[in-house]
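See below for the structure under consideration.
In what follows, chains carry the letters A, B, and so on, assigned in the order in which the sequence lines appear, proteins first and then strands, with residues in each chain numbered from 1.
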Number of protein chains: 2
Amino acid sequence: MSAATPAPRMTRQRREILEALDTRDFRSAQAWHERLRSEGSTIGLATVYRGLQSLADQGEVDAVVAESGETLYRRCEAGEEHHHHLRCRGCGKAVEIDVPEFEAFAHRIAEQHSYGDIQHTIELTGICPECAAAGKD
Amino acid sequence: MSAATPAPRMTRQRREILEALDTRDFRSAQAWHERLRSEGSTIGLATVYRGLQSLADQGEVDAVVAESGETLYRRCEAGEEHHHHLRCRGCGKAVEIDVPEFEAFAHRIAEQHSYGDIQHTIELTGICPECAAAGKD
DNA sequence: GGCACAGATGAGAATGATTGTCGAAATCAG
DNA sequence: CTGATTTCGACAATCATTCTCATCTGTGCC
């Protein structure tokens, strides 16, 4: 019974959002909205929010919640490898890291506790060589 | 030359917050406030927010941002073995998990990049059996 | 192509969490 | 105890996000 997802209409606005999502950055809905506006679109903020959410539901974009509480969106490269960052607490510089073992580990733990729909976040921070040299600790 | 952190005063309110934080649950500032009020305290909401934040800064409590954007707090057991949680996105129930391999992994990565004073956070979330049964997904 | 209608849009109001303000009350040093 | 500061509590303000509602527009149908 019941339709899975009513498939949203392809409107001008929805197309614009998809086009704007070409950079690989995580940005807030407001930031994407600003970008669209600065490129001449007349799209409304609420529409950007609605669009990003429905795209996230469809798995077209990834959404993460920042520490500030804002939700950041980024186009989801299908088949892209999941990775994390090692960020410097002094200067903010981030290095990408892979944690391949962890992906499997997360699912194993989840199964042990019968939890479903697992998601994980790994935050690795430290002091980079430059900041350490500058005494920033 | 300047004190590092002005060490907050131990007021009745601050003590009440610490006392309320006896359960190991992750709860929102508002939820802790409600609990304090229901136990007879006259503490204000802003005070609870300020108290929890300063406790988080001191490392006395852990703070995580839920998907809704709310910040959840839980007392951090001092001297407790470092561990992480598998938290339910439906009801907030958390299960402690060990990720022994990860501790070593974090240090290995840090060394590769010459980063020092490493800290890490692992957030594992899913839907617990009860919530899954209740259709909360 | 033209028509009807459900779904989408945009402007602005509403919501909800969190933070700022400020006079009053409480803490800590002396 | 007394005074200098910090913290409190009530409430206003802020910020991201969601809702409302009148209007517009894909889409299926003729």
Between A:E16 (CD) and C:dA8 (P), how many Å, whole number? 16 Å
Given D:dA10, C:dG12, C:dT27, which nucleotide is nearest the side-chain atoms of B:R37? D:dA10
Under 4.0 Å, heavy atoms only, any strand: does B:T42 hit a base, just the sugar-phosphate, or nothing? sugar-phosphate
Output the rounded distance in Å from CE (B:M10) to C1' (D:dT6). 14 Å
Taking C:dT18, D:dC11, C:dG10 as options, the one with an atom nearest any side-chain atom of B:A46 is D:dC11
Whole angstrom value for the distance that separates P of C:dA17 from CD of A:E70: 17 Å
What nucleotide among D:dT17, C:dT18, C:dT9 has an atom nearest to a side-chain atom of A:T71? D:dT17
Any side-chain donor paired with an acceptor under 3.5 Å for B:T23 and B:R74? no
Closest to side chain of B:R9, choosing from C:dC28, D:dA16, D:dC8: C:dC28
C:dT18, C:dG10, D:dT17: which one has an atom nearest the side-chain heavy atoms of A:Q30? D:dT17
Derivation of the salt bridge (charged side-chain N to carboxylate O under 4.0 Å, His left out) call for B:D25 and B:R75: CA-CA 8 Å; B:D25 300 337; B:R75 191 188 54 190; over 6 Å; no
Below 4.5 Å, heavy atoms only, C-beta onward: do A:Y73 and A:D62 meet side chain to side chain? no
Between P of D:dG9 and CD1 of B:I43, the distance in whole Å: 6 Å
Grab the CZ-C1' distance between B:R50 and C:dC22 for me, whole Å please. 11 Å
Rounded to whole Å, CG of B:L52 lies from C1' of D:dT7 at a distance of 15 Å
Euclidean distance, atom CG of residue B:L45 to atom C1' of D:dT14 [Å, nearest integer]: 15 Å
Is the phosphate of D:dC8 approached by B:T11 (side-chain N or O, under 4.0 Å from OP1 or OP2)? yes
A:Q53 CD - D:dT17 C1' separation (whole Å): 8 Å
Picking from C:dA17, D:dC8, D:dT18, which would you name as closest to the side chain of B:Y49? C:dA17
Phosphate OP1/OP2 of D:dT25: any A:Q13 side-chain N/O under 4.0 Å: no
Phosphate-side-chain proximity, A:T47 and C:dG10, N/O vs OP1/OP2 below 4.0 Å: yes
Which pair of non-hydrogen atoms, one from B:I43 and one from B:Q13, has the smallest distance, and what is that distance? CD1-CB, 3.7 Å
Walk me through it: do A:E16 and A:R12 pass the test salt bridge (charged side-chain N to carboxylate O under 4.0 Å, His left out)? CA-CA 6 Å; A:E16 287 180 354; A:R12 172 176 56 81; 3.3 Å; yes
Closest to the A:R12 side chain: C:dG10, D:dA16, C:dT18? C:dG10
